[in-house]
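Comments concern the structure below.
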There are 2 protein chains.
Amino acid sequence: MMNFRAGEVHIAPGEALYHEGDETSYFYTAREGQGVRVKHLPNGGRQVVNFIFPGDVVGLQAILEGAASNSAIAASPMVLCRFEKRRLHELYRNSPDRAYALTWIAAAEEHFLGETIATLGQRNALQRMAWALLKIHHRLSAIGLAREEGDVPLPFKQRDLADAMGLSLVHTNKTLARLRPLATWENGRLRITNKEALAELALTDCALPPDRPLL
Amino acid sequence: MMNFRAGEVHIAPGEALYHEGDETSYFYTAREGQGVRVKHLPNGGRQVVNFIFPGDVVGLQAILEGAASNSAIAASPMVLCRFEKRRLHELYRNSPDRAYALTWIAAAEEHFLGETIATLGQRNALQRMAWALLKIHHRLSAIGLAREEGDVPLPFKQRDLADAMGLSLVHTNKTLARLRPLATWENGRLRITNKEALAELALTDCALPPDRPLL
DNA sequence: CGCGGGTTTGATCCCAGTCAAGTCCCGTGG
DNA sequence: CCACGGGACTTGACTGGGATCAAACCCGCG
């Protein structure tokens, strides 16, 4: 099998994998660490489009040609595999199964963004936070990052979560405080103590997409 | 070339192409008419995830297996082509270019959903409406649905737009009224009279991130 | 003429944004 | 060793944008 990897990338917390507006010719898969994809608005607003966890594909929009519509920023030290987008055609010609997996991933991503849209559009602050914490915990658990005690690493700042849920920093903080008996997030680790109550709050039917095929 | 079409579907305004929770084994491409993809929350909330215009692929998430995460509802009489998702593998094996195009479309969709997320998260009511009207008009113009006078067909209800932008119906109405000098939407047709002013309001352009220090 | 769905408008309320301090903690340097 | 500074997190007081409630209004239609 041909090797599509075009190198491995290491980035430190706070650094960018690529910037909004860049004409990047790569896309990536995350191996270790966590980060965010952010979009900036002309007025200074900052939206975290989604979180980047190990196993995610990052920057697939690069196949659209043109400037990247968002920046990818690391929140903890990250390791990613880099691929050249112009060799994607080869992949599609020579490795239909992997191509299919790629589409599958894109569809899964779309599925998740749809849920996020519903959250931003319909849920209040408490519901948003409950939803986000559940999703994050579930996702990280699924990729085996949970410790014995059931807590998962979450290296983000409250500001990141605030910008992800479209809430102000202060209100995010206050909302996290209200959720404290159900979930705690401190020292970069998130623990869910009452999943049922959280799900109740979040109005989640918590149906996640099935396991993905390997790329 | 093999024929993947598995029929043509006609649906009337208000009817569903598929319902949330359905185990559909099809996906579609829209040929005529317009509709919405909606998600429902347990508390009765309703979010319009996006609008369906001619040329769009609908229900590609079906490749994820399992229940559909949203419903597709027609707002005007629609005509769509139906495809069987289980034959997608064939497509990937026999027609890499079309497979690539499919991924391209999925990526474009993801790109758009990302913009929507930024809108719901960061923009206020006036900015949201301005953004939505611009996007819709631009999109419909691009597929040649604009008349001589520059107006495009928009068969939705104010409720649909409200649910798309996460605003209440009444506030949507009032906001549309405030935008009246810049854009009018009546009798199912949308006309933009002052594109520049609208874009100004919507804060669209967003080329480069403002010089906020990283991290 | 009455009815129902969609649109418009006014009055009131409250969730979340903003402003402003203050605390905790860690790294740096005197 | 402590003083200092800066970044993240907390907390309280105030404000306002948008939700909610409640009526009209404006059709097309039976």
Side-chain angles (χ1 to χ4, degrees), chain A residues 12-14 36 41 43-48 73 75-76 119-133 154-181 183-190 201 203, chain B residues 12-15 36 41 43-48 73-76 119-133 154-181 183-190 201 203 212-215:
Chain A
V36 289
L41 277 77
N43 60 346
R46 175 178 178 270
Q47 176 69 33
V48 170
I73 314 281
S76 60
T119 294
L120 295 183
Q122 306 299 132
R123 288 188 245 251
N124 64 27
L126 196 61
Q127 296 168 334
R128 290 186 203 191
M129 291 302 316
W131 178 85
L133 295 183
L154 198 65
F156 304 106
K157 318 287 184 203
Q158 291 188 355
R159 162 135 302 279
D160 296 317
L161 199 43
D163 289 341
M165 306 308 286
L167 298 170
S168 71
L169 174 58
V170 293
H171 199 56
T172 296
N173 181 317
K174 289 171 180 172
T175 306
L176 281 171
R178 289 174 63 191
L179 289 177
R180 210 85 79 186
T184 51
W185 174 29
E186 44 199 13
N187 304 321
R189 301 200 68 94
L190 168 67
L201 276 181
L203 301 173
Chain B
E15 300 199 329
V36 290
L41 277 78
N43 61 347
R46 175 179 179 269
Q47 176 69 33
V48 169
I73 314 281
S76 59
T119 295
L120 295 184
Q122 305 301 327
R123 289 189 244 252
N124 64 26
L126 196 61
Q127 296 168 332
R128 290 186 202 190
M129 291 301 316
W131 178 85
L133 295 183
L154 200 65
F156 304 106
K157 316 290 183 200
Q158 290 188 355
R159 161 136 303 279
D160 296 317
L161 198 45
D163 289 340
M165 304 311 282
L167 298 170
S168 71
L169 173 58
V170 295
H171 199 55
T172 297
N173 182 316
K174 288 170 181 171
T175 307
L176 282 171
R178 288 174 63 191
L179 289 177
R180 209 84 79 188
T184 51
W185 174 29
E186 44 198 11
N187 305 323
R189 300 200 70 93
L190 169 67
L201 277 180
L203 301 173
R212 168 197 300 257
L214 293 179
L215 179 62

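Labels below follow one simple rule: chain letters A, B, ... track the order of the sequence lines, proteins then strands, and each chain is numbered from 1.
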Problem set entry | Length of the line joining A:K174:NZ and D:dG12:C1', which is rounded to integer Å | 7 Å

For this session: Starting at atom CZ of A:R189, determine the distance to atom C1' of D:dC9, rounded to an integer number of angstrom.
Result: 20 Å

Problem set entry | Selection: residues 121-130 of chain A, any non-hydrogen atom under 4.0 Å of DNA chain C | A:N124, A:A125

For this session: Send over the distance from A:N187 CG to D:dC9 C1', rounded to a whole Å.
Result: 12 Å

For this session: Could you identify which residues of residues 154-172 of chain B place a heavy atom less than 4.0 Å from some atom of DNA chain C, listed by residue number, or say none?
Result: B:K157, B:Q158, B:V170

Exercise. Does CG in B:N43 sit with more than 12 non-hydrogen atoms of other residues, nucleotides or ligands closer than 6.0 Å?
Worked result: yes

For this session: Calculate the interatomic distance between A:L120 atom CG and D:dG18 atom C1'; express it in whole Å.
Result: 16 Å

Exercise. In whole angstrom, what separates B:E186's CD from C:dG6's P?
Worked result: 18 Å

Problem set entry | Pairwise distance CE(B:M129) to CG(B:L176) - rounded to 0.5 angstrom | 4.0 Å

For this session: Compare all side-chain heavy atoms of B:R178 with those of B:L201 and state whether any distance is below 4.5 angstrom.
Result: no

For this session: State, to 0.1 Å, how close B:M165 and B:R128 come at their nearest heavy-atom pair, and which atoms those are.
Result: O-NH1, 2.5 Å

Exercise. Looking at the side chain of B:N173, which of D:dT10, D:dG12, C:dT9 is the nearest nucleotide?
Worked result: C:dT9

Exercise. Between atom CD of A:Q158 and atom OG1 of A:T175, what is the distance when rounded to the nearest 0.5 Å?
Worked result: 10.0 Å

Seminar exercise, completed: Separation between OG1 (B:T184) and CD (B:E186), nearest 0.5 Å, reads 5.0 Å

Exercise. Can you list the steps and then say if B:F156 with B:V48 is a side chain to side chain contact (heavy atoms under 4.5 Å, CB included)?
Worked result: CA-CA 11 Å; B:F156 304 106; B:V48 169; over 6 Å; no

For this session: Mark yes or no for whether A:N187, through its side chain, and A:R189, through its backbone, hold a donor-acceptor pair below 3.5 Å.
Result: no

